[in-house]
Number of protein chains: 2
Amino acid sequence: MASAPRKRPAAEPRAGQKLSPRGELKRTQILDAAAEVLAVRGFAGTMLSEIAERAGTQAGSLYYHFASREDLIEEVLRRGVTLTMAHVRAALTELAPETSARDRLAAAIREHVRFQLDVSAYARASARSTGQVPAEMRARINREFRRYGVFLDELIMEAMADGAIDPGVDRSALRMLLIGAANWTTEWFRPDGTSNVDEIADLLVRLMLSGVAKPKPGRRLPKKSKVD
Amino acid sequence: MASAPRKRPAAEPRAGQKLSPRGELKRTQILDAAAEVLAVRGFAGTMLSEIAERAGTQAGSLYYHFASREDLIEEVLRRGVTLTMAHVRAALTELAPETSARDRLAAAIREHVRFQLDVSAYARASARSTGQVPAEMRARINREFRRYGVFLDELIMEAMADGAIDPGVDRSALRMLLIGAANWTTEWFRPDGTSNVDEIADLLVRLMLSGVAKPKPGRRLPKKSKVD
DNA sequence: AATTTATCCTAATCAGGATTAGGCTTCAAT
DNA sequence: ATTGAAGCCTAATCCTGATTAGGATAAATT
């Protein structure tokens with residue numbers, strides 16, 4: 001009986017450096033493939049067979065790297081949030097240190113949208129699929145979300161303290177509306193030339209900060225994005 | 001062989017008045033139940049068994065009223081859009097005829113959010129589930145969406161013509177960001193006392209029209225909602 | 001009352017996709 | 001050149017949930 005105890009518990013690569021000793025490569029390919037499928041099909045429509053195909057392997061083989069479909073998906077979604085936060089954070093550190101709270105918030109919004117639309121299938125995946133996920137997984141992922149929420153909340157608070165945002169508004173609602181508008185872009189954005197990422201990002205920034213009321217002649221509007 | 005040709009093609013009640021001759025009632029109960037399940041579970045998680053349970057019937061029995069799971073769901077989602085548009089439209093007709101374009105748009109936004117959050121599970125269902133639906137169904141539902149989009153677009157155009165909105169902004173992107181923020185509320189809104197519908201609605205209106213910049217002393221902000 | 005028709009139920013059947021079993025290949029180290 | 005773990009494949013198996021078959025039951029009609 002009992003053949004070899006094959007199949008590791010599908011643990012993530014330790015925090016350490018033991019990155020791709022061989023098959024970690026495929027593991028990554030699988031994650032990437034899953035992110036793309038999730039971004040397009042949503043949690044429901046995502047089939048292991050399609051992920052496997054894109055990763056150049058077989059549905060059954062996925063189980064060597066992940067304990068279950070849910071595990072795989074969870075990791076993708078979690079990464080989506082983590083990566084987004086990391087990206088935005090990194091972008092902010094590159095700003096001149098004297099950058100105003102208002103401009104920092106603006107940059108954050110822009111980078112969030114950009115990252116999602118232009119760069120990362122993981123980000124798109126979690127924007128689109130997180131809502132459809134079973135309760136327990138949802139709860140676990142929410143931890144990451146909350147972390148990102150706190151991060152944004154701080155930016156908003158600083159902008160308030162700085163006089164850029166009316167301190168009277170409900171920070172939480174504001175943040176959620178913002179995130180909503182941003183995440184929803186994945187539903188309608190056309191990667192072909194029809195839509196323009198920067199335009200969308202800038203518009204969202206403008207909505208948050210000055211609104212789209214017809215500009216009073218004297219008042220400067222936030223201009224074209226230029227972060228790096 | 002061939003027993004009776006039972007089972008109607010699950011047609012909708014004709015345009016006429018033949019409304020609930022008996023079982024149209026249950027049909028409605030089923031739709032209502034489906035709307036609630038969809039609003040919470042999303043397209044993927046929605047099981048006929050749960051719908052049936054809520055409607056006080058059996059999964060198999062649903063097929064007397066609908067040709068398939070997809071048909072049922074499609075009708076719910078379609079209704080979500082239709083009803084929302086109808087509600088918003090109705091609210092606008094009740095405004096004083098001299099109401100400004102700006103205020104009309106504001107009212108529309110408020111009523112959209114309100115209807116979705118406070119009133120209609122159908123609206124919530126289509127806000128949450130439309131994104132996850134198979135391509136063909138999607139295409140059919142999109143027709144309704146486009147109709148609503150045009151409707152909103154007109155409001156925005158009028159507000160532009162009226163000088164309330166900067167004519168320079170991309171109407172389409174603006175509308176999508178708006179709809180996104182609104183629809184996404186279904187992901188985070190807490191029906192318990194934690195969240196406040198009116199506050200959210202007003203905040204979104206404000207975002208669209210004046211932004212959340214700290215108010216210049218002289219400038220009036222849109223005030224508490226009061227449509228009817 | 002008898003017959004028809006509309007509604008609905010129960011217990012299968014079916015289908016499709018996740019999961020698992022067990023074995024085959026590398027390849028690095030001995 | 002062997003050997004053993006790592007990495008992967010194929011072909012079942014399993015499960016779940018949609019769908020269907022074949023009646024009940026109830027209301028309406030004659």
Side-chain angles (χ1 to χ4, degrees), chain A residues 1-11 13 18-31 33-34 37-38 41-74 76 132-134 137, chain B residues 1-14 18-31 33-34 37-38 41-74 76 132-134 137:
Chain A
M1 55 231 77
S3 39
R6 267 173 298 91
K7 179 167 293 184
R8 60 177 172 190
K18 198 205 166 241
L19 265 178
S20 31
R22 214 70 36 195
E24 298 300 325
L25 171 66
K26 176 124 298 181
R27 184 186 156 89
T28 302
Q29 289 174 354
I30 294 174
L31 281 167
V37 177
L38 278 167
R41 305 246 188 255
F43 178 80
T46 294
M47 282 181 302
L48 293 187
S49 52
E50 186 172 357
I51 295 176
E53 189 180 17
R54 290 208 194 199
T57 183
Q58 225 65 24
S61 306
L62 302 183
Y63 286 81
Y64 178 75
H65 299 278
F66 301 90
S68 69
R69 178 191 127 117
E70 291 214 343
D71 266 35
L72 166 54
I73 290 181
E74 179 171 338
V76 171
Q132 332 170 15
V133 134
M137 194 197 301
Chain B
M1 50 228 89
S3 41
R6 267 174 296 92
K7 179 167 296 186
R8 59 177 173 188
E12 312 212 6
R14 324 296 129 57
K18 197 203 168 241
L19 266 179
S20 32
R22 213 68 36 198
E24 298 300 326
L25 170 67
K26 176 124 297 182
R27 183 186 156 92
T28 302
Q29 290 173 355
I30 293 173
L31 282 166
V37 177
L38 279 167
R41 305 246 188 254
F43 178 79
T46 293
M47 282 180 302
L48 293 187
S49 52
E50 186 172 357
I51 295 176
E53 189 180 17
R54 290 209 194 198
T57 185
Q58 225 65 25
S61 306
L62 302 183
Y63 286 80
Y64 177 75
H65 299 278
F66 301 90
S68 69
R69 176 192 128 114
E70 291 214 345
D71 266 36
L72 166 54
I73 290 181
E74 180 171 338
V76 170
Q132 331 171 14
V133 134
M137 194 196 301

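Each chain gets a letter, A, B and so on, in the order its sequence line appears, and its residues count up from 1.
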Looking at B:F43, is B:R69 sitting on its ring face, NZ or CZ under 6.0 Å from the six-membered ring centre and within 45 degrees of the normal?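 Ring-cation test returns yes.
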Just do the side chain to side chain contact (heavy atoms under 4.5 Å, CB included) check on A:R27 and A:Y64 with the steps written out, would you? CA-CA 9 Å; A:R27 184 186 156 89; A:Y64 178 75; over 6 Å; no
Which heavy atom of A:I51 sits nearest to which heavy atom of A:A33, and what is that distance? O-CB, 3.6 Å
Strand contacts (DNA chain D) in residues 51-59 of chain A, 4.0 angstrom heavy-atom criterion: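 DNA chain D contact set from residues 51-59 of chain A: A:T57, A:Q58.
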Whole-Å distance separating the [atom1] atom of [X] from the [atom2] atom of [N]:
{"X": "B:L25", "N": "C:dT7", "atom1": "CG", "atom2": "P", "value": "11 Å"}
{"X": "B:Y64", "N": "C:dT7", "atom1": "OH", "atom2": "P", "value": "4 Å"}
{"X": "A:L48", "N": "C:dT20", "atom1": "CG", "atom2": "P", "value": "12 Å"}
{"X": "A:Y63", "N": "D:dG7", "atom1": "OH", "atom2": "C1'", "value": "17 Å"}
{"X": "A:R41", "N": "C:dG16", "atom1": "CZ", "atom2": "C1'", "value": "15 Å"}
{"X": "A:L62", "N": "D:dC9", "atom1": "CG", "atom2": "P", "value": "9 Å"}
{"X": "B:R69", "N": "C:dA15", "atom1": "CZ", "atom2": "P", "value": "18 Å"}
{"X": "B:I30", "N": "D:dA18", "atom1": "CD1", "atom2": "P", "value": "14 Å"}

Please list, chain by chain and in numerical order, all residues satisfying side-chain hydrogen bond (donor to acceptor under 3.5 Å, both in side chains) with A:E74, sequence neighbours excluded.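 Per chain and number, A:E74 pairs via side-chain hydrogen bond (donor to acceptor under 3.5 Å, both in side chains) with A:R78, A:R140.
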If you look only at pairs with a residue in residues 56-66 of chain B, which of them pass as a salt bridge (Lys or Arg N to Asp or Glu O under 4.0 Å), with sequence neighbours excluded?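 Sorted pair list comes back empty.
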Sequence neighbours excluded - salt bridge (Lys or Arg N to Asp or Glu O under 4.0 Å) pairs with any residue from residues 53-63 of chain A: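 Listed once each, the pairs are A:E36-A:R54, A:E50-A:R54.
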B:S49 meets the side-chain contact (heavy atoms from CB on, under 4.5 Å) criterion, sequence neighbours left out, with B:M47
Does C:dA6 have OP1 or OP2 sitting under 4.0 Å from an N or O in the side chain of B:H65? no
Please determine whether a side-chain nitrogen or oxygen atom of B:S49 lies at a distance below 4.0 Å from atom OP1 or OP2 of D:dG17.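 No, no such contact exists.
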A:S61 vs A:M47, nearer the 5' end of DNA chain C by closest nucleotide: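 So the residue in question is A:M47.
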Of the listed nucleotides (C:dA18, D:dC8, D:dT19), which one gets closest to any side-chain atom of A:K26?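 Selected nucleotide (nearest to the side chain): D:dC8.
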